[in-house]
Structures are given as C-alpha cells and as structure tokens.
Amino acid sequence: MKIGFCMFLWTTSVGRKHEALLKDIKATGYDGVEIPVFAGSPDDYSRLGAMLDRIGLERTAVSAMGDPAMNLISPDAGTRRAGIDYMKWAIDCSEALGAKNLSGPLHSTLGHFSGTGPTAAEKKRSLSSQRAIGDHAGKRDVTIGLEALNRFECYLMNTMADLSAHIDEIGHPHIRAMYDTFHANIEEADPIAAYTRHVGNIVHIHISENDRGVPGRGNIPWAETFAAIRGSGYDGWLTIEAFGRGLKDLAAATKVWRDFAESPEAVYREGFTHIRNGWRKAAPAGKVMTA
C-alpha cells in the first residue's frame, strides 16, 4: 500500500512554486502525490516529474472534463472526438509525468445534466469512447480509473455497481475503476459492500471525509473501510482528496463554500497519521504493517 495526497487542495497546476510544499509532504511520510492534469504540454509534465524524482515522490494523475463541447457520451460524433482527443492528451501528459494511473470522472462531463437518467444510447456511446481511450492508454502504459460520482455532480455513473458493470462491458484492461469514500458515503446503501463486491475492477482509492475535510474527523466508517481494503489484498494507492476555497472554479464545481480545516497542514499531516493508524489496526492478528 502507498499513501498519496491530491494537490487539488492547493492548485490544478503544480509547478516549481510548490517545491517547498512538496518537500514537506514528502517529509510528512507520503509516498507520492496526485497531480492534476488540466493544462500544459507533455514537456511541462516531464519537467514536473523530474522535480518529483529529485524530491523522492512517486505520483498518480487526476483530471476531469467540465466542458460539454467534449462530452464523451454526446450524440454528436465531433463532440465525442473532442473528448477522446482531450483524454489522449491527458494520457500523454500522465506518461510524461511518470504516472501509471490517471483517475477521475473521465466518463462524462462534470456538472452537466440532461434532466433525466443515463440512457441506453449514452451508455453505448460511452463503450465506444472508452475503448478508443483504452487503446491509447495501453500504448502509453497508463491505466484509467473511472470514478463514480454522487448524483449532484454527474448522472452517468453514481454507484460502484453501475460503474463496475459498465467497465465489465467495456472489457478493456486499461479502463478500470476507482473507489472514493466521499461519493460512496452519499450514494451507496452499504459503502463497504460497494467496495468489496467490485474490488476486482478497482485500481485506485480516494480517501475523503464526508465533508471533504480532514480524514478521521467525520462520519465515514473508517475502521470498517480500512479493514475491507486491507482484507481484500489491495496493494495500490490510498490517496487523500480534500478541498478548500482557494481555487474558485474548483470550489464551485465541488460545492465548497466554507473551510473544512484550520489549515492545509492539518489536512495532510493529520490525514497521513489517520491512514497509517487505520491500516495498522486493520492488520490481521500476527501481521506486521507494511506501507
């Protein structure tokens, strides 16, 4: 298991100005960081990857598409092509960064609603889009982790059951699923079962408190969550995703209107301890914790 922290708490564009912060994240004990991919070129991400190498941080990548002009499930072929082109660019940037995983709600337009639930036609168009994306991801040795979001942020994929069934139908080794404790807390009748029943498709996990603040201070059933994850044999990333008000566009997209912690440092320092302790307590009797 590796512990990561998503840079969304500060920025959607990580660069040299964040070097001191990244060094402190490393000193706290993190194995790596999750880098937002929203703008720039592969060369930009290659330089960022070199800086992370010097600091000693591994990395994953995260992105989203908020522009309906590149909706992967649109009835318009040109719109879908624009979305596929965006995903190919994001995959190329992830490869240049040195990230093997690119996760997020990369199946439809974030915050865009049709007024009804997902249709059979939309899901069929999604199959075609995701297979094309998966082919490009395979060439770059990047795995996509599609994320089920709560019903207030998207409508195509809200539950792990729907997401996992869709991934099975896509049938591509580079299109998989991620599990997010925040969204599961809203949408799943049994968040733990939502993980255990679909763990075979899960390649990435977001650790996020029910209020998007400091993990461990809210009402997520953490002991049961860590026990389920560790008991399943999952050995990938546990990446903290928290949000603040510093980025207006991101705050608007995630409906963040207030501060959830006294400081960013409290989030990543206390959050790290929370994961380490939770993982240790979830160890079977006689097992030594590894991370």
Side-chain angles (χ1 to χ4, degrees), residues 4-25 30 32-52 55 57-72 82-83 85-99 101-112 142 144-147 149-150 152-154 178 180 182-183 204 206-208 212-213 237 239-261 263-265 267-268 271:
F5 198 94
C6 182
M7 296 299 288
F8 273 155
L9 186 59
W10 299 275
T11 185
T12 56
S13 180
V14 181
R16 186 167 294 280
K17 64 183 178 180
H18 299 104
E19 186 169 3
L21 169 61
L22 291 164
K23 288 180 176 178
D24 193 58
I25 290 172
Y30 283 90
V33 287
E34 190 156 87
I35 300 296
V37 176
F38 285 93
S41 69
D43 285 345
D44 295 325
Y45 288 93
S46 180
R47 286 188 288 271
L48 175 56
M51 183 176 74
L52 294 173
I55 295 170
L57 286 168
E58 298 179 51
R59 74 285 333 215
T60 57
V62 63
S63 192
M65 293 175 284
D67 185 355
M70 51 187 186
N71 191 352
L72 291 167
D85 287 344
Y86 175 89
M87 284 299 302
K88 288 181 176 179
W89 164 83
I91 289 165
D92 290 348
C93 290
S94 299
E95 180 197 31
L97 176 67
N101 291 345
L102 170 63
S103 298
L106 302 170
H107 43 67
S108 55
T109 305
L110 179 65
H112 176 71
V142 173
I144 306 299
L146 298 181
E147 180 179 17
L149 295 191
N150 69 78
F152 309 109
E153 295 182 37
C154 86
M178 69 165 290
D180 185 299
F182 171 82
H183 297 294
H204 194 58
H206 271 174
I207 298 296
S208 188
R212 296 289 205 183
W237 287 93
T239 295
I240 294 175
E241 184 184 50
F243 293 100
R245 294 188 297 166
L247 297 167
K248 292 184 179 179
D249 290 346
L250 188 58
T254 55
K255 310 300 184 289
V256 172
W257 317 125
R258 66 186 191 277
D259 292 324
F260 300 127
S263 68
E265 290 79 10
V267 181
Y268 68 83

Pairwise distance [atom1]([X]) to [atom2]([Y]) - rounded to 0.5 angstrom:
| X | Y | atom1 | atom2 | answer |
| --- | --- | --- | --- | --- |
| C154 | E147 | SG | CD | 8.5 Å |
| I207 | I240 | CD1 | CD1 | 7.5 Å |
| C6 | F243 | SG | CZ | 6.5 Å |
| T109 | E153 | OG1 | CD | 13.5 Å |
| N101 | I144 | CG | CD1 | 8.5 Å |
| H206 | H183 | NE2 | NE2 | 8.5 Å |

Could you tell me how the ring of Y86 sits relative to the ring of W89: parallel (under 30°), tilted (30 to 60°) or perpendicular (over 60°)? tilted

The test is side chain to side chain contact (heavy atoms under 4.5 Å, CB included); show your working for L106 and S63 and say whether it passes. CA-CA 7 Å; L106 302 170; S63 192; 4.2 Å; yes

Check [X] against [Y] and note the closest heavy-atom contact, atom names and distance.
| X | Y | result |
| --- | --- | --- |
| E241 | F8 | OE2-CD1, 3.7 Å |
| A99 | V142 | O-CG2, 3.7 Å |
| L149 | P105 | CD1-CB, 3.5 Å |
| A242 | G213 | CB-O, 3.9 Å |
| V37 | S94 | CG2-OG, 4.3 Å |
| S13 | K17 | O-CE, 4.5 Å |

Would you call I55 and I25 a side-chain contact if the rule is heavy atoms closer than 4.5 Å? no

Indicate yes or no: at least one non-hydrogen side-chain atom of T12 is less than 4.5 angstrom from one of M7. no

Is a donor on one side and an acceptor on the other found under 3.5 Å between the side chain of [X] and the backbone of [Y]?
| X | Y | result |
| --- | --- | --- |
| R59 | I35 | no |
| H204 | S103 | no |
| H112 | P68 | no |
| Y30 | Y268 | yes |

Quick one: salt bridge (charged side-chain N to carboxylate O under 4.0 Å, His left out) partners of E34, sequence neighbours excluded? none

Given the side-chain rings of W10 and F5, with only the six-membered ring counted for Trp, is the space between their centroids under 6.0 Å? yes

Please set out all donor-acceptor pairs under 3.5 angstrom arising from side-chain atoms of residues 43-52, sequence neighbours excluded.
residue	atom	partner	partner atom	Å
D44	OD1	R47	NH2	2.5
D44	OD2	S41	N	2.9
D44	OD2	S41	OG	3.2
Y45	OH	A39	O	2.7

Any chance you could lay out the side chain to side chain contact (heavy atoms under 4.5 Å, CB included) test for L72 and M65, step after step, and finish with the verdict? CA-CA 9 Å; L72 291 167; M65 293 175 284; 3.3 Å; yes

